[in-house]
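Presented below is the structure to which this report refers.
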Amino acid sequence: MYPKIMLYNTLTRSVDEFVPITEGKVGMYTCGPTVYNYAHIGNLRTFIFEDVLKKMFKRAGYEVCHVMNITDVGHLSDDADSGEDKMEKAAQKEKKSVWDIAKFYTDAFFKDEEELNIQKADYIPRATDHINEILALIKRLEDNGYTYTANGNVYFSIDKFPTYGELAQLDKQKLNAGERVEIDENKKNPHDFVLWFTKSKFKNQSMLWPSPYGTGYPGWHIECSAMSMKYLGEHFDIHCGGIDAIPVHHTNEIAQSEGATGHKWVNCWMHGEFLLSEKGKMSKSSGTFLTLGVLKDNGFDPLAYRYFVLGCHYRKQLQFSYEALSGAQNALNRLRSAVREIAKNAQGQTQSDSKALEAYTNEFNAALYSDMNMPVCLAVLQKVVKDKTLPDVDKCAFIRDTDRVLSLSLTDILDGKDKQEAQIIPDEIKDLAEKRLDAKKQKDYQQADSIRNKILSLGYSIKDTPQGYEINKL
């Protein structure tokens, strides 16, 4: 018996009960990174939300098949077929091949996932490995009368698809030329989109493949449809992404997928809201974005960012600031300290048949299965940690159980694998650290550097953080 799970479906604009296509199984597709640059922390917020979603289903007893693509060709700087190819642009800028660019930023993304405790997808197809599947899907659309060719490029005609724009609640009568896209004289409707390019925007386009339409490369939207259907079939449960994908990318995915198959493609669409910076929505195109590496360079633990993200519902916009992240870091450190103490006190105890533990677990599950209300889940965890009447061994059981979803590495503390375990720092080192901090405040940087060297000579390192400093034994 599976628990009742309620999820917000963008397609219906309502919180609906999840009903799987196949009992006990979930087919889930998430739009992966476009690997021409580092993922920014706004992107990573979406991937954390999707990670929680997958782990929630597993907690509920479902077998999950998770597919996430790697976009390594064809994504232009504008969702609507205009602008420059992002991969080619990055290759030119960094003076590398597009293949080297794709590998470097793919590896960087996987490292970010690992540091945020994001579980890898079961299948991670790359667009460049699925050109045959893409061309086969275009052929099906052609056979069904949805395509036309103009100036060498193959386009999808949205006028042939009556429910175009349903996901984004777009009114086709109001989609005026120039309202959302640049006018392409080759298009019959300015909102038609490219399935296959033969007219490259670069003289020396690197990524090209032969096709019945001419040598070229795929449009961005067709890639996700082809890869998702290969690994999940032509009808699956959930498709996820950022909220910015709704009006163009996901709208076009639906049109081409259902145009090819003739039936419903995805049952439930889920989208994560924006992460906002002081300048508004974080985006790569603006050139002003933060990466996980930047947060680490500023002294933050990657899991502090995960904790920060979990503190806001995935469907609410989240305002980022270093002050807010500092608060999350401090809260996580306090939680870790409490768990260390709980683990220590629980040694030798036998778990009780606690009604309170059962009640807390039910409260956590109720929040989790109600459209993933993670702020409430964190609040329940804090209540358990602070409950003086609950035996420590029961607290350990709750922490171990819920950390499978929260993924804050609290289980490592319980298992004695705590990388962040508090160190005993001699008073002499602490005094030197405080003197160095005072010197920095007085802008006496020569004295501060001298004290740092003294600390190093005594076998300790000191690192500046937003909270002040961090001392570690060498």
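Note that this is a predicted model, so its numbers are computed, not measured.
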[X]/[Y] ion pair, N-O < 4.0 Å:
{"X": "R400", "Y": "D403", "answer": "no"}
{"X": "D107", "Y": "K111", "answer": "no"}
{"X": "D449", "Y": "R436", "answer": "no"}
{"X": "K160", "Y": "D192", "answer": "no"}
{"X": "E273", "Y": "R315", "answer": "no"}

Answer with yes or no whether the side chains of [Y] and [X] bring together a donor and an acceptor at under 3.5 Å.
{"X": "Y148", "Y": "E142", "result": "no"}
{"X": "D159", "Y": "N189", "result": "yes"}
{"X": "Y123", "Y": "N69", "result": "no"}
{"X": "H271", "Y": "T10", "result": "yes"}
{"X": "N373", "Y": "S370", "result": "no"}
{"X": "S157", "Y": "K188", "result": "no"}
{"X": "D72", "Y": "T106", "result": "no"}
{"X": "T215", "Y": "W209", "result": "no"}

If we ignore hydrogens and angles and just use 3.5 Å, is the side chain of [X] paired with the main-chain N or O of [Y] as donor and acceptor?
{"X": "S409", "Y": "D412", "value": "no"}
{"X": "T149", "Y": "G152", "value": "no"}
{"X": "T163", "Y": "E166", "value": "no"}
{"X": "T147", "Y": "F156", "value": "no"}
{"X": "Q329", "Y": "D301", "value": "yes"}
{"X": "D237", "Y": "P20", "value": "no"}
{"X": "Q319", "Y": "S277", "value": "yes"}

Next on the checklist: Minimum heavy-atom separation for P302 and L116, please, with both atom names.
Outcome noted: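 Residues P302 and L116, closest heavy atoms: O-CD2, 3.2 Å.
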
Item to check | Where G299 and K463 come nearest, the two heavy atoms and their spacing | outcome: CA-CE, 4.2 Å

Checklist entry - Who are the salt bridge (Lys or Arg N to Asp or Glu O under 4.0 Å) partners of R45, not counting sequence neighbours? => result none

Item to check | With R126 via salt bridge (Lys or Arg N to Asp or Glu O under 4.0 Å) - residues at least two apart | outcome: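 Applying salt bridge (Lys or Arg N to Asp or Glu O under 4.0 Å) to R126 gives none.
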
Decide if the gap between the ring center of [X] and the ring center of [Y] is smaller than 6.0 angstrom.
{"X": "F193", "Y": "Y155", "value": "no"}
{"X": "Y29", "Y": "Y231", "value": "no"}
{"X": "F289", "Y": "Y38", "value": "no"}

Checklist entry - Can you list the steps and then say if V98 with K96 is a side chain to side chain contact (heavy atoms under 4.5 Å, CB included)? => result CA-CA 6 Å; V98 286; K96 297 178 181 178; over 6 Å; no

Next on the checklist: With side chain to side chain contact (heavy atoms under 4.5 Å, CB included) as the criterion, how do T198 and N151 come out once you've worked through the C-alpha distance, each side chain's angles and the decisive distance to 0.1 Å?
Outcome noted: CA-CA 8 Å; T198 65; N151 195 28; over 6 Å; no

Rounded to the nearest 0.5 Å, what separation is found between the [atom1] atom of [X] and the [atom2] atom of [Y]?
{"X": "Y469", "Y": "I455", "atom1": "OH", "atom2": "CD1", "value": "8.5 Å"}
{"X": "D297", "Y": "T291", "atom1": "CG", "atom2": "OG1", "value": "7.5 Å"}
{"X": "I222", "Y": "N252", "atom1": "CD1", "atom2": "CG", "value": "10.0 Å"}
{"X": "K54", "Y": "M68", "atom1": "NZ", "atom2": "CE", "value": "9.0 Å"}
{"X": "L378", "Y": "L381", "atom1": "CG", "atom2": "CG", "value": "6.5 Å"}

Next on the checklist: If you count every heavy atom of other residues, nucleotides or ligands that lies below 6.0 Å from K95 atom NZ, does the total exceed 12?
Outcome noted: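 12 or below, so no.
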
Next on the checklist: My understanding is that only one of E113, R306, M374 makes a side chain to side chain contact (heavy atoms under 4.5 Å, CB included) with I48; could you say which?
Outcome noted: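 Result for side chain to side chain contact (heavy atoms under 4.5 Å, CB included) with I48: R306.
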
Checklist entry - Taking R340 as the fixed residue, which of L414, L335, I413 is the one that meets the side chain to side chain contact (heavy atoms under 4.5 Å, CB included) rule? => result I413

Item to check | Q119 and its side-chain hydrogen bond (donor to acceptor under 3.5 Å, both in side chains) partner, picked from K58, H66, E114 | outcome: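 Testing Q119 for a side-chain hydrogen bond (donor to acceptor under 3.5 Å, both in side chains) against K58, H66, E114 leaves exactly one candidate, K58.
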
Please tabulate, for the side chains in residues 253-265, all donor-acceptor contacts under 3.5 angstrom to protein atoms that are two or more places apart in sequence or on a different chain.
residue	atom	partner	partner atom	Å
E253	OE1	H239	NE2	3.0
E253	OE2	H239	NE2	3.4
E253	OE2	H249	NE2	3.1
Q256	NE2	H221	O	2.6
Q256	NE2	S225	OG	2.9
S257	OG	S225	OG	2.7
S257	OG	E253	O	2.8
E258	OE2	W265	N	3.2
T261	OG1	S257	O	3.1
T261	OG1	H263	N	3.3
T261	OG1	H263	O	3.2

Item to check | side chain to side chain contact (heavy atoms under 4.5 Å, CB included) between L318 and L276, intermediate numbers included | outcome: CA-CA 6 Å; L318 177 58; L276 303 178; over 6 Å; no

Checklist entry - So N43 and T46, side chain to side chain donor-acceptor pair (under 3.5 Å) or not? Walk me through it. => result CA-CA 5 Å; N43 302 142; T46 299; over 6 Å; no

Item to check | Charged tip of K120 within 45° of F110 ring normal and under 6.0 Å | outcome: yes

Item to check | Candidate pair E23 and Y2, rule side chain to side chain contact (heavy atoms under 4.5 Å, CB included), full reasoning | outcome: CA-CA 9 Å; E23 185 177 0; Y2 299 94; 4.2 Å; yes

